[in-house]
Chemist: 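Below is a structure I'd like to ask you about.
As a basis for the values below, the full set of heavy atoms in this structure was taken, side chains included, without hydrogen atoms, waters or symmetry mates. A note on names: the letters A, B, ... follow the listed sequences, proteins ahead of strands, and every chain is numbered from 1.
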Amino acid sequence: MAAPSVPPLTNFPTVNNDRYFANHPTVTLIEKCSNLQQLKQIHAQMLRAGLFSDPFSASKLIQSSALSGFSSVDYAHKVFDQIPQPNLYSWNALIRAYATRSQPLSCLSVFTRLLNDCSEKPNKFTYPFVIKALAKLKCLELGKGIHGMAIKEGLCSDLYVSNCLIHFYTECGCSDMASRVFSSMPERDVISWNSMIDGLAQNGFVEEAIEIFCRLEGEGVRPNDVTMVGVLTACRKKLDVKVGRWVHAYIEKNGIKRSLILCNAILDMYTRCGSVQEAKRFFDKMVEKDIISWTTMLVGYGSLGDFDAARGLFNSLPSKDIAAWNALISAHEQGGNPKEAISVFNELQLSKTAKPDEVTLVSTLSACSELGAIELGGWIHVYIKKEGMRLNCHLATALIDMYSKCGDLEKALDVFNSMDNKDVFVWSAMIAGFGMHGCGVYAMETFEKMQEAKVKPTAITFTNLLSACSHSGLVEEGREFFHLMEPVYNIVPGVEHYACMIDVLGRAGLLEEAMELIKNMPVARSASVWGALLGACRLHKNVDLAEEAWEHLHQIEPQNHGAYVLLSNIYTNSGLWDKVSELRKRMKDAGVKKEPGCSSVEVNGAVHEFLVGDNAHPMSKKIYSKLEEIAGRLKSEGYESKKSELLPMVEEEDMQEKALNLHSERLALAYGLITLKPTRRIRIVKNLRVCEDCHSVFKLVSKLYDREIVLRDRYRFHHFKGGSCSCNNYW
DNA sequence: GTAGGGTTAG
């Protein structure tokens, strides 16, 4: 840029706030800058020309520095510091700069300085910026204070201030306060309505959001594209494709501007509401698409479990950002395909096309949890520390869940204790961890501490808590929590809570009380309710009630093979052989297949899977000879196998002894004994429940081989050490 | 007599 000729200073008055400055050719050039160098030139000329004595001209420079893409807010701050006597306009310019550049803390600190150093009071322009920063920080209490200040100054009738307050309160999850601001406004514009609709939808008040939208129509306000994005968010959360379709039609009919964001929101609504076909049809018609559109479509394929389509779409992306990787990883993780999720994560690491972010790590950690892949999980923990990522609540929850489900409760507790501000998810995950390891008392203690920390429990917290009670035999406590849920915590017990409670009562042998509870349930009885009762009947050898429970369960889930196996075990234990064969025939006729047992053990970061009687593993021979060695040692210790469990499902009598030895968890155990150093714990994950015989064998092996073994089965953890198990045979 | 607010994917 050619240097503009600077008129001599004497031609211009030097008085503050004189409007002649605004027309100064140098000042008008500010907006035309397209790089930092040009801006710096202007800055220098303005200093030379003495234009900084006019706060207005200097503030123009602040605005340009802060809002242009080529400059920084730090630079804007330097400009501010050169203004000899900044007025409110200059202060506001700097506050705005920090607010829009997402530096809310700096924004607040400048605001505080303004209160002390500026002779003028903050005005209707100051408040919106400050409230925006507070919204970003979700500082509810501070925001209420600022709200109070604004009221005192009589600024709350200002449209902008009120609109910001609505946004602020909904960001803080305080929809009530937002509604109060909204209804007290003397005048509202479309932005007021939009903020209210979107805020309600984001906070899960979907009915209310749609209601407000209907009211907006009645009051003659014309909705715009942003309005419709909010309404679609509500539809998406409601999972109501009918309302979604109606909204889509409304957009077409009323000629609402179809911005890219709005189109993406329509697309997202269809995929989330389960109509991937409609999403695809819409997607194909979209004129403009961005990475969000593609990723949304990818998520849609993932939700259908169509991994090939998801992969195909992913491969066709010209540039793969981290969100696209995340969508693919999450599709596999959510679709019950954790191994593939981990393999995509490894591919991402190798490709280096994007850097894993928090979402990537959370999804991958979930996959590790499912597989019991503690080495990779631990590696991710180290990665988080190495990269200096802040351990937020999402990551902490995922880590606690991973360590718990991989059998390392100590590490889970370390993560838990390292967190300063724990949200309800973090607390609940820790309660679940204690529960599955049979530490019910600690789970309860954690719940107490959670209340001291003033964190409100959710329905999930109670599921975890009740499940902890059942795994530890805490009947009294379970009853008490269950009965306090609604009156004290305002959480209506759902079917999952009833199922846990029946488990609590049933395991303790209180079958009548359990049955009574089932009879009086105000919600529909699920398979899990009858399953819990059936399990209790096995433990307490009640054939009649078992048959009743099984019939109900069978009605709901005719293909549930676990139910067949359980009932069959109950018959076997009572010597009802006729009923066993009758049941076996019924199972065969119904075409129900027993899910094959599958166990995995992680060695050097790789997860090795074993099916029943598997000999696919390259070290198969060694594994079987190890199993023979174990059998020999057990025999010499006087151990005799107990064949009652699961065996009726094996056809030939002489296969029974062999079949026991072929149980997948034993193969995994043998492989662990061969490959892991004697000091290392062996961690095994099994998809089904461990049978009684294997449980006894594991106890003995832990003593004879002096090994710690951690086994996670379908229901809980078993820590074997020195010949005993942490579950105290209560499972 | 200068300025300001709301939206989409994981």
Chemist: Taking the side chain of A:V161 as its heavy atoms from C-beta onward, which of B:dG10, B:dG4, B:dA9 lies nearest to it?
Modeler: B:dG4
Chemist: Taking atom P of B:dA3 as reference, at what distance in whole Å does atom NZ of A:K60 sit?
Modeler: 6 Å
Chemist: In whole angstrom, give the distance that lies between atom CH2 of A:W294 and atom P of B:dG10.
Modeler: 17 Å
Chemist: Among B:dG10, B:dA3, B:dT7, which nucleotide has an atom closest to any side-chain atom of A:N326?
Modeler: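 For the A:N326 side chain, the nearest candidate turns out to be B:dG10.
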Chemist: Suppose we call a contact any N or O donor and acceptor under 3.5 Å apart; does that hold for the side chain of A:N92 and the base of B:dG4?
Modeler: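 No pair found.
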Chemist: What integer distance in Å separates A:L361:CG from B:dG10:P?
Modeler: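 After rounding, the reported distance stands at 17 Å.
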Chemist: Give the nucleotide from the list B:dA9, B:dA3, B:dG10 with an atom nearest to the side chain of A:R236.
Modeler: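 Of B:dA9, B:dA3, B:dG10, B:dA9 is nearest to the side chain of A:R236.
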Chemist: How many whole angstroms separate atom CD1 of A:I251 from atom C1' of B:dT7?
Modeler: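 Computing the A:I251:CD1 to B:dT7:C1' distance gives 12 Å.
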Chemist: Quick one: is A:R272 getting a side-chain N or O under 4.0 Å of the B:dG10 phosphate, OP1 or OP2?
Modeler: yes
Chemist: Between B:dA3, B:dG4, B:dT7, which nucleotide gets closest to the side-chain atoms of A:K124?
Modeler: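 Of all the options, the side chain of A:K124 is nearest to B:dG4.
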Chemist: Applying a 4.0 Å non-hydrogen cut-off, can you work out what A:A323 is touching in the nucleic acid: base, sugar-phosphate, or nothing?
Modeler: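 A:A323: base contact, heavy atoms under 4.0 Å.
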Chemist: Return the value, rounded to whole Å, for the distance between atom CD1 of A:I146 and atom P of B:dG4.
Modeler: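 After rounding, the gap between these two atoms is 21 Å.
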Chemist: If you take all heavy atoms of A:L114 and A:E120, which pair is closest and at what distance?
Modeler: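 Smallest heavy-atom distance, with atoms named: CD1-O, 4.3 Å.
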Chemist: Do we see A:Y89 stacking on the base of B:dT2, given a limit of 5.5 Å between centres and 30° between planes?
Modeler: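 A:Y89 ring centre within cut-off of B:dT2 base, planes near parallel; stacks.
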Chemist: Across the strands shown, which category fits A:D290 at heavy-atom distances under 4.0 angstrom: base, sugar-phosphate, nothing?
Modeler: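 No contact.
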Chemist: Could you state the CG-P distance from A:D158 to B:dA3, rounded to the nearest angstrom?
Modeler: 14 Å
Chemist: Measure the distance between the ring centre of A:F125 and the centre of the six-membered base ring of B:dG4, then answer whether it is under 5.5 Å with planes under 30°.
Modeler: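 So A:F125 does not count as stacking on the base.
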Chemist: How many whole angstroms separate atom CD of A:Q202 from atom P of B:dA9?
Modeler: 8 Å
Chemist: Just the rounded figure in Å: distance from P of B:dT8 to CE of A:M286.
Modeler: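 Those two atoms, CE and P, are 15 Å apart.
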Chemist: What's the closest nucleotide to the side chain of A:F56 if the choices are B:dT2, B:dT8, B:dG4?
Modeler: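 The answer is B:dT2.
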Chemist: Looking at A:N254 and A:I256, would you say the former's side chain and the latter's main chain have a donor-acceptor pair under 3.5 Å?
Modeler: no
Chemist: Would you indicate what A:L232 reaches in the nucleic acid, counting non-hydrogen atoms under 4.0 angstrom: base, sugar-phosphate, or nothing?
Modeler: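 Nothing, no heavy atom under 4.0 Å.
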Chemist: Show the nearest heavy-atom pair for residues A:A396 and A:M419, with the distance to one decimal.
Modeler: CB-SD, 3.6 Å
Chemist: May I ask you to verify if any side-chain N or O of A:R96 is less than 4.0 angstrom from the OP1 or OP2 atom of B:dG4?
Modeler: yes
Chemist: Show your working on side chain to side chain donor-acceptor pair (under 3.5 Å) between A:Q349 and A:Y383 and close with a plain yes or no.
Modeler: CA-CA 12 Å; A:Q349 289 289 98; A:Y383 178 89; 4.8 Å; no
Chemist: What pair of heavy atoms forms the shortest contact from A:G302 to A:A310, and how long is it?
Modeler: N-CB, 4.4 Å
Chemist: Assert yes or no for the condition that the ring centre distance of A:W193 to A:F213 is strictly below 6.0 Å.
Modeler: no
